[in-house]
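Note on naming: letters A, B, ... go to the chains in the order of the sequence lines (proteins, then strands), and numbering restarts at 1 for each one.
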Number of protein chains: 2
Amino acid sequence: MVIEPSKPQYIQIADELRARIDQRVYQAGTSLPSEQRLADELGVSRVTVNKALTLLRASGDVKVRRGAGTYVRSLSRILRDAKRRYAARDHGTGAGEVEVTGLNLQSRTDYREIGRVHPPTAAAKVLRLEGDKDALVRRRVLYANNEPTQIADSYIPWDIADGCDALLRADAGKGGSYSRLAELGHGPVRFTEDVNVRVPDDAEQRLLDIEATLPVFEIWHVAYDAEDRPVELCIHVMPGHLWTLRYDWDDETRSGARH
Amino acid sequence: MVIEPSKPQYIQIADELRARIDQRVYQAGTSLPSEQRLADELGVSRVTVNKALTLLRASGDVKVRRGAGTYVRSLSRILRDAKRRYAARDHGTGAGEVEVTGLNLQSRTDYREIGRVHPPTAAAKVLRLEGDKDALVRRRVLYANNEPTQIADSYIPWDIADGCDALLRADAGKGGSYSRLAELGHGPVRFTEDVNVRVPDDAEQRLLDIEATLPVFEIWHVAYDAEDRPVELCIHVMPGHLWTLRYDWDDETRSGARH
DNA sequence: CAGTGGTCTAGACCACCAC
DNA sequence: TGGTGGTCTAGACCACTGC
């Protein structure tokens, strides 16, 4: 590796390490040499190596196991096709596990909380909950091969969910919660999603087992019923390096469009 | 500010600085105290303050002007509504400047390159260009109030674009390039977008005036004509903290769907 | 217990900015 | 020319891992 003075050393080192990962010098799932070894090999201080690794961690290329070493991630992104995932609900489980099981990965869902809550202001606004109206919340974390892939917190206006026991159970039954909403006369017919990127907060870092600099998608998924009333808001928080989001739509310029 | 031993100091400092920004102690557009001043005030070394600021930079809360100081960003996200931006093309300019002009921001587009090229492999694959077929490329950078907001590189199969002079000019004429494609018999009727997040490479950092740790959206927007042939691929690279992406669609489970 | 990464420091030199 | 952030170092102590 040639060190040129124009670029910061830690960036050159990051580039070099990325190249070695691409060339399988360091293979997926295995550990890199320790920071001290790399520092000795490259003739820099350990702090500089650490700073280079900070970049690789922010891009999701490596992951640190504390006390054990720095490991190469095996990162193949999961495709999340917005239309298909909800269309697939008639085939079995809810939308939550569609992508993962399709990739022959082992899927698991942990329910953190199911119950009646006073929703956050922004969520209440989206659901058009006036005053102090409550919502049913379903908080869960989804895993693929025991790696957390997303947090999904779902809110349903309480006056809609009220009386439907299935929605209070982890397994909401065949077709998932949307099928229950349909039975309650509020079947979703239209969806919107707002997508943002940001850094995770403390709780998200813990739940998703990621670091502060690894960006996450935050998706606000809203389902509307035939009367155009919002009947569910699901907030997804997903490590950005794990996912590709796909959307598709037809041109509405020529036909009569809603807008 | 209380320092508790359990959390790293640089994280506590980052939290404190974020709080001060939220409370307008440091106002948008103004500079923070220098790293040395903050270090003295908080009783830590300058390196520790610098590390805290690294976090604020990665989340887009502050921006460094080298030699001058660290400034609070005035960050209000721009809404990019996928359907509307393309539907709006009949009203005037192309889709590129829809969101920005709608916010009363001054919009500007710099064309970096317009010409015939051999497209990158992945782009050629999306456009189904066999062998060594060329494409027309239109590379541009868009600005709002002189701040770069996105890179947009558009590829059109050369055999479609061939002979249309307007597509070789910066101003592709009324309705933008999609109207030209329509005149050529390849008007787009369907779109797909694949959305990824990643860290920017060197060139993107320069063009967008952002740092290595600030994540970007990469959107592959593909337009299909009535025969379902891909007629344009536009690759957008956009600083993640500047944008909210919006998509909406109708449920297709009950009606006869394409899928 | 040895090895790993996490953090922090004091001091240093540099390029860049504004005056 | 003085102040700013960018970078780098050597050394230190810590918590955690795995043997």
Side-chain angles (χ1 to χ4, degrees), chain A residues 1 3-17 26 29-58 60-73 202 205-206 209-214, chain B residues 1 3-17 26 29-58 60-73 202 205-206 209-214:
Chain A
M1 171 185 171
I3 301 241
E4 33 162 323
S6 60
K7 256 184 164 184
Q9 296 181 44
Y10 75 93
I11 292 183
Q12 295 180 54
I13 291 170
D15 291 345
E16 170 69 15
L17 294 178
Y26 307 140
T30 67
S31 71
L32 269 57
S34 74
E35 294 185 352
Q36 191 56 62
R37 273 181 200 282
L38 285 170
D40 293 345
E41 181 209 333
L42 300 167
V44 298
S45 76
R46 204 197 109 201
V47 180
T48 303
V49 172
N50 182 274
K51 202 168 178 188
L53 287 173
T54 296
L55 295 181
L56 295 210
R57 283 157 33 190
D61 292 315
V62 302
K63 171 172 175 170
V64 167
R65 290 216 284 270
R66 300 216 10 196
T70 304
Y71 289 78
V72 180
R73 282 213 196 240
D202 288 358
Q205 288 169 45
R206 250 181 294 112
D209 190 23
I210 57 176
E211 305 175 65
T213 52
L214 220 170
Chain B
M1 172 185 171
I3 301 240
E4 32 162 326
S6 59
K7 255 184 164 184
Q9 297 180 43
Y10 75 95
I11 292 183
Q12 295 181 55
I13 292 170
D15 290 345
E16 169 69 14
L17 295 178
Y26 307 140
T30 67
S31 72
L32 268 58
S34 75
E35 295 185 352
Q36 190 57 62
R37 272 180 201 283
L38 286 170
D40 293 345
E41 180 209 334
L42 301 166
V44 299
S45 75
R46 206 197 108 201
V47 180
T48 302
V49 172
N50 181 274
K51 202 168 178 188
L53 287 174
T54 297
L55 295 181
L56 295 210
R57 282 156 33 189
D61 291 314
V62 301
K63 171 173 175 171
V64 167
R65 289 215 286 271
R66 302 214 7 196
T70 304
Y71 289 78
V72 180
R73 282 214 197 239
D202 288 357
Q205 288 169 44
R206 250 181 296 111
D209 190 22
I210 58 176
E211 306 174 65
T213 52
L214 220 170

Here's a test of your reading of the structure: between A:K51 and A:R66, which maps to the more 5' nucleotide of DNA chain D? A:K51
Can you tell me how far [atom2] of [Y] sits from [atom1] of [X], rounded to the nearest 0.5 angstrom?
| X | Y | atom1 | atom2 | result |
| --- | --- | --- | --- | --- |
| B:L55 | B:I13 | CG | CD1 | 10.5 Å |
| B:E211 | B:T54 | CD | OG1 | 8.0 Å |
| B:K63 | B:R73 | NZ | CZ | 5.0 Å |

Mind checking whether A:L53 and A:L32 have side chains closer than 4.5 Å, heavy atoms only? yes
Any side-chain heavy atom of B:D61 sitting closer than 4.5 Å to one from B:V72? no
Using whole Å, report how far [atom1] of [X] lies from [atom2] of [N].
| X | N | atom1 | atom2 | value |
| --- | --- | --- | --- | --- |
| A:E35 | D:dC16 | CD | P | 17 Å |
| B:Y71 | D:dT4 | OH | P | 10 Å |
| B:L32 | D:dG5 | CG | C1' | 12 Å |

Stepwise side chain to side chain contact (heavy atoms under 4.5 Å, CB included) check, B:E41 with B:L38: CA-CA 5 Å; B:E41 180 209 334; B:L38 286 170; 3.8 Å; yes
What does [X] touch in the nucleic acid at a heavy-atom separation under 4.0 angstrom: a base, only the sugar-phosphate, or nothing?
| X | result |
| --- | --- |
| B:R65 | nothing |
| B:V64 | sugar-phosphate |
| B:T70 | sugar-phosphate |

Are B:R65 and B:D209 close enough for a salt bridge, meaning some N to O gap below 4.0 Å? no
Salt bridge or not between B:D40 and B:R46? Use side-chain N to carboxylate O under 4.0 Å. no
As a check on the pairing definition, encode DNA chain C in dot-bracket form, counting Watson-Crick and G-U wobble pairs whose two distances are under 3.5 Å, and using | for partners outside this strand. ||||||||||||||||||.
Could you list where the contact with chain B starts and ends along DNA chain C, reading 5' to 3', using a 4.0 Å heavy-atom cut-off? C:dT7 to C:dC17
